[in-house]
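Accompanying notes for the structure given below.
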Amino acid sequence: MDDLEYNAKLEELDHLLNDDVVEMEPSRVWSLLLEVSQHDLGGFEARA
């Protein structure tokens, strides 16, 4: 993921968590957190 995609995901996450008008979508929040954290860790795959 390039920096543009990374920043877009952070903005979407911020929007989902902080906008009172937007309905919370827990599955989308978790998905975004996974993608962002993988980027922050240098591309390591998360394992459950």
Side-chain angles (χ1 to χ4, degrees):
M1 150 181 8
D2 63 21
D3 287 340
L4 187 60
E5 290 173 308
Y6 177 75
N7 288 329
K9 289 180 188 301
L10 286 178
E11 286 181 27
E12 182 180 356
L13 185 58
D14 182 59
H15 186 68
L16 285 169
L17 293 173
N18 296 310
D19 192 333
D20 295 337
V21 180
V22 175
E23 185 176 330
M24 175 63 73
E25 296 179 50
S27 62
R28 183 64 183 146
V29 169
W30 284 114
S31 175
L32 288 166
L33 285 172
L34 177 62
E35 293 178 48
V36 168
S37 66
Q38 287 176 339
H39 179 271
D40 289 345
L41 292 173
F44 290 106
E45 289 187 29
R47 298 179 191 225

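Remember, predicted model here, so these are calculated numbers, not experimental data. Keep in mind that the numbers below use all heavy atoms, side chains included, and drop hydrogens, waters and symmetry copies.
Hydrophobic cluster membership is shared by V22 and L13, with clusters built from Ile, Leu, Val, Met, Phe, Trp and Tyr side chains linked at under 4.5 angstrom. Clustering ILVMFWY residues whenever any of their side-chain heavy atoms sit less than 4.5 angstrom apart, transitively, puts W30 in the very cluster that holds M24. L10 and L17 are not part of a single hydrophobic cluster, where members link through side-chain heavy atoms under 4.5 Å apart. A continuous path of hydrophobic side-chain contacts links V36 to M1 [ILVMFWY only; heavy atoms under 4.5 Å].
To the nearest 0.5 Å, atom CD of residue E23 and atom CZ of residue R28 are 15.0 Å apart. Here the NZ atom belonging to K9 is positioned 10.0 Å from the CG atom belonging to L34, to the nearest 0.5 angstrom.
Taking 4.5 Å as the limit, some side-chain heavy atom of H39 sits within range of a side-chain heavy atom of D3.
Put simply, the side chain of E5 gets close to the backbone of D2: a donor and an acceptor are under 3.5 Å apart. Side chain of N18 to backbone of D14: a donor-acceptor contact under 3.5 angstrom is found.
Not counting sequence neighbours, E25 has no partner by the salt bridge (Lys or Arg N to Asp or Glu O under 4.0 Å) test.
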Please walk me through it: do V29 and L33 pass side chain to side chain contact (heavy atoms under 4.5 Å, CB included)? CA-CA 6 Å; V29 169; L33 285 172; 4.0 Å; yes
